[in-house]
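Okay, structure first, notes after.
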2 protein chains.
Amino acid sequence: LTQPGAGHETTAMEHPSVTAAVLLIGDELLSGRTRDVNLQAIAAFLAPLGVPVMEARIVADDQNAIVAALNALRGAYTYVFTTGGIGPTHDDITADAVAAAFEVGISERQDALDILLRRYEEKDLTPARRRMARVPDGATLIANPTSGAPGFKTGNVFTLAGVPQIMRSMLEDCLPHIEGGRVVASRTVRGKGLREGAFGDALGAIAKRHPDVSIGSYPWFGPEGYGAHLVARATDTSALEAAFAEMIALVRAEGAEPEVIDS
Amino acid sequence: LTQPGAGHETTAMEHPSVTAAVLLIGDELLSGRTRDVNLQAIAAFLAPLGVPVMEARIVADDQNAIVAALNALRGAYTYVFTTGGIGPTHDDITADAVAAAFEVGISERQDALDILLRRYEEKDLTPARRRMARVPDGATLIANPTSGAPGFKTGNVFTLAGVPQIMRSMLEDCLPHIEGGRVVASRTVRGKGLREGAFGDALGAIAKRHPDVSIGSYPWFGPEGYGAHLVARATDTSALEAAFAEMIALVRAEGAEPEVIDS
């Protein structure tokens, strides 16, 4: 029962100054009914702005759960993006939860109602649909070019729809409200036949030699065999390239043909 | 700026006595590089045991982040499942983080090492691979029939691999450690052409009449058009069926053909 020499080395990239968190809201995501795709879309949207997603949470359509998560995240990160729960049905309670988290009122707003009235005739504007014009006090509307009903920005929290096509179309109007940070660049090399257990020590040594570069290893298994992707991420491009050159050499030393995937 | 009549009604199913949370660990899930599939698999595994997943969090390969999330979740839910970060590379720090969260030591364990030695010849047991025999003090091993290296159960926390095929194969050995709760049954009806804004008020009224049933509405859009799934969930089967009958009638009243999806 000896303690092995290999301790853990954490990846030590400098802490980013601008950060984001994502709060995914919906019973269906937790029950296994639906698999989320919004986190990936938001992360891909924010990465080129230099805004890394540091944490995500998934909670049910439950006001206490939403408020607790929102208050934890909006205090800890520069921006928070919520998805889900702003539609017209009784289980759409995100707007109320955001207002409760910020301890502000919520009411139907004329500008939001006007947007709905461009979409629906007045006779079709059911009480359910009118719910979508309710916005926390002081919030800024976020345009929804797909289905009309707007999202909104409350403080540092963007509240977006849950349906992926709609959510993605709303990101555009978030852009003017986001002040980006230093962009994290990334480089990936893939090696077929690579085994983490074989190259792990050498990769750990590379990570230690390049403390400003975050280095990850992602094994894959599939019908065509197995292998790993090695990924380097950093804000400093020359540090990134130096570490990446060693990673390519490592793949070759392990007997695999290095395939550089992005650049 | 009038306040509309429609307040929000939360879904009011009785609070389950046995609950779970899922903690997904890995930079790649937050950067957008990888889309998680493990949450859905764990939820599908636990549902028939009467253990609903109440919350999920996604954090980076960062010890402080893992420890903070673990301590929040293991105090709030009956069981916690972590995925990711127990492989052989330097960014695999989950075992250390679990030990830190429980404030116990961590060391290489003979039983875990024996499992690895059934897989690897001693000369191939690199320091990197040996890392996978490090287990928090007092933990119980969880078998990994796919790739050997075990997971472990520490208190109420199950620590599993991140690679989906491996993770799923480890759930089997979690089973003896899980005491289930009341099973939540669910019924789903699909209606093509349904619009949430049109049926939202009526569905809200059904939810109000059946407080022990959790009712959700999930719109869909696709090449074949649009519509919604209406889902009822409850532990009490007769309450479930009563609400579901009204939901089917609602779909029909909206002019759509109700398609019952599961039963």
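A, B, ... follow the sequence lines: proteins, then strands. Residue 1 opens every chain. Values below: all heavy atoms of this structure, side chains included; hydrogens, waters and symmetry mates excluded. All values reported here derive from a predicted model rather than from experimental measurement.
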Check your understanding: Any side-chain heavy-atom pair from B:Met54 and A:Leu30 closer than 4.5 angstrom?
Key -> no

**Study point:** Closest approach of B:Asp91 to A:Ser217 (non-hydrogen atoms, all atoms of both residues)
**Key:** OD2-N, 3.2 Å

Study note, to complete from the structure: Pair count under 4.5 Å, heavy atoms only, with chain B: among A:Ile58, A:Thr126, A:Leu24, A:Leu23, highest is A:Ile58

Point to revise | Student check: side-chain heavy atoms of A:Ile166 and B:Phe221 closer than 4.5 Å | key: yes

Review point. Can you tell me how far OG1 of B:Thr34 sits from NE2 of A:His229, rounded to the nearest 0.5 angstrom?
Key: 9.0 Å

Review point. A:Val163 versus B:Pro219: any side-chain heavy-atom pair under 4.5 Å?
Key: yes

Review point. So which part of A:Leu29 gets closer than 4.5 Å to some heavy atom of chain B, the side chain, the backbone, both or neither?
Key: backbone

Point to revise | Side chain proximity check, A:Lys208 to B:His90, heavy atoms < 4.5 angstrom | key: no

Check your understanding: Which answer fits B:Val22, side chain, backbone, both or neither, if we ask what part of it has an atom under 4.5 Å from a heavy atom of chain A?
Key -> neither

Practice item. Side chain from CB out, backbone as N, CA, C, O: work out which of these in B:Gln165 comes under 4.5 Å of a heavy atom of chain A, or both, or neither. Key: side chain

Exercise for review: Using a 4.5 Å cut-off on heavy atoms from C-beta on, say whether the side chain of B:Ser214 contacts that of A:Asp27.
Suggested key: yes

**Study point:** Proximal component of B:Tyr218, with respect to chain A [non-hydrogen, under 4.5 Å]
**Key:** side chain

Review point. Looking only at heavy atoms, which two atoms of B:Glu196 and A:Gly87 are closest? And how far apart?
Key: OE1-CA, 4.4 Å

Could you go through residues 38-48 of chain A and list every donor-acceptor pair under 3.5 Å that involves a side-chain atom there, pairing it with any protein atom two or more places apart or in another chain?
unit_1: A:Asn38; atom_1: ND2; unit_2: A:Gly162; atom_2: O; d: 2.9
unit_1: A:Gln40; atom_1: OE1; unit_2: B:Arg35; atom_2: NE; d: 2.7
unit_1: A:Gln40; atom_1: OE1; unit_2: B:Arg35; atom_2: NH2; d: 2.8
unit_1: A:Gln40; atom_1: NE2; unit_2: B:Gly32; atom_2: O; d: 2.9

Exercise for review: Identify which part of B:Asp124 has an atom lying under 4.5 Å from any heavy atom of chain A, answering side chain, backbone, both or neither.
Suggested key: neither

Exercise for review: Measure the spacing between CG of A:Asp201 and CZ of B:Arg131 and express it to the nearest 0.5 Å.
Suggested key: 9.0 Å

Point to revise | B:Val231 side chain reached by A:Arg33 side chain, heavy atoms, under 4.5 Å | key: yes

Review point. Given the options A:Val59, A:Leu203, A:Leu125, A:Asp36, which has more heavy-atom pairs under 4.5 Å with chain B than any of the others?
Key: A:Leu203

Check your understanding: Given side chains that start at C-beta, do those of A:Thr89 and B:Phe199 come closer than 4.5 Å, heavy atoms only?
Key -> yes

Check your understanding: Can you name the residues that form a side chain to side chain contact (heavy atoms under 4.5 Å, CB included) with A:Arg195, not counting sequence neighbours?
Key -> A:Ala198, A:Tyr226, B:Arg129

Exercise for review: Grab the two heavy atoms, one from B:Gly197 and one from A:Pro88, that are nearest each other, plus how far apart they are.
Suggested key: N-CG, 3.5 Å

Point to revise | Spatial distance of atom CD (A:Glu55) from atom CG (B:Asp62) [nearest 0.5 Å] | key: 10.5 Å

Review point. Under a 4.5 Å heavy-atom cut-off, does chain B meet the side chain of A:Ser147, its backbone, both or neither?
Key: neither

